[in-house]
2 protein chains.
Amino acid sequence: MSNCQSCPVRGRAICASLDGDELAAFSRMARHQRVPAGHTLIWEGEDVPLIANVIGGVLKLVVAAADGREQIVGLVFPSDFIGRPFGKESPYRVTALTDAEVCIYNRNSFDAFAAAHPHLQHKLLRRTLDELDRARYWMLLLGRKSASQKVASFLLEMSDRLARLDRKEAGFELPFGRQQIADILGLTIETTSRQLTRLRADGIVDLPSRRAVVIHDRDAMERMAG
Amino acid sequence: MSNCQSCPVRGRAICASLDGDELAAFSRMARHQRVPAGHTLIWEGEDVPLIANVIGGVLKLVVAAADGREQIVGLVFPSDFIGRPFGKESPYRVTALTDAEVCIYNRNSFDAFAAAHPHLQHKLLRRTLDELDRARYWMLLLGRKSASQKVASFLLEMSDRLARLDRKEAGFELPFGRQQIADILGLTIETTSRQLTRLRADGIVDLPSRRAVVIHDRDAMERMAG
DNA sequence: CGACCAATTGATTGTTATCAAGGGATGTGG
DNA sequence: CCACATCCCTTGATAACAATCAATTGGTCG
């Protein structure tokens, strides 16, 4: 049985809406699981009866076109939840970018529990509304921004989202390589690489290692992001 | 006071989850309003304390970049709801594409009512999850598809979504002009027009008037959509 | 009929994808 | 500890696609 008391996302995940007895019942339904980097938890089109809370690590949501090109349509961070409650098949693949830890529920049990606990459902609704806003904002980036605007916007958003986890004062470590960045931004790996090189040449960022980023001139970056 | 009994979206909107007394109380909170084509109901950044159900017509959700370029991030059809429950400001503008009719609620009252009626909240959650799936699927189109694939995908989706309203056997009437299509697909008006012309030249569609579309060869269209 | 607006068409430019090759880090086995 | 292989990233040359700039057409309404 999971120990929710020591859970690092206890205060932020949807379970935060549950108290003593409810939490005990909820945690009895849970199965804790490690997901190694690169492993796919859910395949698209599959009717996976599974809901999960992310405890640690980062996962990606991927939609693939018929010809194999991929678009990452969402990133899942600790305290976010994964899966499609209420019985629809998953329209996208869920793959771990780093080693991850999740807390898994059987979907039927989860649905029943949610129906009986309006507070939980309320949290779920709020999170889904937030995700929808984020997805829609990302549509502006994909549809209307140039390559340099995309890369600048991306680095700013990653800086914000990773700051909460990393707590390094200066920079942050991306949980993925160049191809993944390209798949997030709707670009090729070459274009992505060129834009990063240019940002470094202009002194706006430093790239001390493959995945590390230090933003030197945040104002310039925000101007570039459009 | 609104008359929900004769409401054309009675069976499909979120209110479908309410019965006799609940519906009566809910409808006392509602204000029926006409929105003429082109009129903006909600501006981005504004903290509009407003939730609405669409009864008739079509509206668009728009995000604008700093330089004025626009991306349509969602279309709102009858029975869909508009607004951001639970107190966040709207991240996008909501503008009517056609003359529309909506059923408006004060957000605070709506939130309180939703909190007290789990069935309503459940419907809201399901709809929001569906919208999120749709938005994410659209991200593949924006990030990875070519102009011709975008236009073909668009016509197919419009065919599906409008068929439910129109019920014309052969074709359908788009509720918007070329610039709006371009803003949905992340293209310019010229590119959009050229792709439509090419589809007509290839005999795949007919464009009997500015906004009318008849799909002749649906298979070819699906092949094009990628 | 003429004015106006939306859509189309044409010519050209610019950006990004594609194709191709060259670094540079990491890890393994000799 | 070094040679080598591998993987990922970068860089370069070229091509394709869509954006932009610029007219023109066509449909609608006073």
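Quick note: numbers below take in every heavy atom, side chains included, and nothing from hydrogens, waters or symmetry partners. Order of the sequence lines fixes the chain letters, A, B, ..., with proteins taken first and strands second; residue numbering starts at 1 for each chain.
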Novice: Output yes when A/R194 and A/E190 qualify as a salt bridge under the 4.0 Å nitrogen-oxygen rule, no when they do not.
Specialist: no
Novice: Would B/R107 and B/D47 pass as an ion pair if we require N to O under 4.0 Å?
Specialist: yes
Novice: Take the protein atom CD of B/Q149 and the nucleotide atom P of D/dC17, then report the distance between them rounded to whole Å.
Specialist: 11 Å
Novice: Atom CG of B/L207 and atom P of D/dG27: how far apart are they, to the nearest Å?
Specialist: 13 Å
Novice: Between B/L174 (CG) and C/dA6 (C1'), how many Å, whole number?
Specialist: 14 Å
Novice: How close or far is atom C1' of C/dG10 from atom CD1 of B/I189, stated in whole angstroms?
Specialist: 16 Å
Novice: Let's see if you can work this out: which of C/dG10, D/dT10, C/dT18 has an atom nearest to the side-chain heavy atoms of A/T197?
Specialist: D/dT10
Novice: Can you figure out which of C/dA17, C/dT18, D/dA19 approaches the side chain of A/L187 most closely?
Specialist: C/dA17
Novice: Which of these, A/T128, A/D133, A/L129, sits in a side-chain contact (heavy atoms from CB on, under 4.5 Å) with B/L132?
Specialist: A/T128
Novice: So among B/I104, B/V94, B/L61, which one has a side-chain contact (heavy atoms from CB on, under 4.5 Å) with B/I82?
Specialist: B/V94
Novice: Among the nucleotides C/dT9, D/dC9, D/dA19, which one has an atom lying closest to any side-chain atom of B/S193?
Specialist: C/dT9
Novice: Taking only side-chain N and O atoms of A/R210, does any of them lie within less than 4.0 angstrom of OP1 or OP2 on C/dA25?
Specialist: no
Novice: Does OP1 or OP2 of D/dT11 have a side-chain N or O of A/R194 closer than 4.0 Å?
Specialist: no
Novice: With a cut-off of less than 4.0 Å, is there a side-chain N or O of A/T191 near OP1 or OP2 of C/dA17?
Specialist: yes
Novice: Consider the side chain of A/E190, meaning its heavy atoms from C-beta on, and name the nucleotide among C/dG10, D/dT11, D/dC21 that approaches it most closely.
Specialist: D/dT11
Novice: When the distance from CZ of B/R200 to P of C/dT8 is rounded to whole Å, what number comes out?
Specialist: 7 Å
Novice: Tell me: CG of B/D183 to P of C/dA7, nearest whole Å?
Specialist: 12 Å
Novice: Taking atom C1' of C/dG14 as reference, at what distance in whole Å does atom CD of A/Q195 sit?
Specialist: 14 Å
Novice: Charged N to carboxylate O below 4.0 Å: is that the case for B/R84 and A/D130?
Specialist: yes
Novice: C/dT16, D/dC9, D/dA18: which one has an atom nearest the side-chain heavy atoms of B/S146?
Specialist: D/dA18
Novice: Specify the separation, in whole Å, of atom CZ of B/R198 and atom C1' of D/dA18.
Specialist: 13 Å
Novice: Using heavy-atom distances to pick each residue's nearest nucleotide on DNA chain D, tell me which of A/T192 and A/R144 is more 5'.
Specialist: A/T192
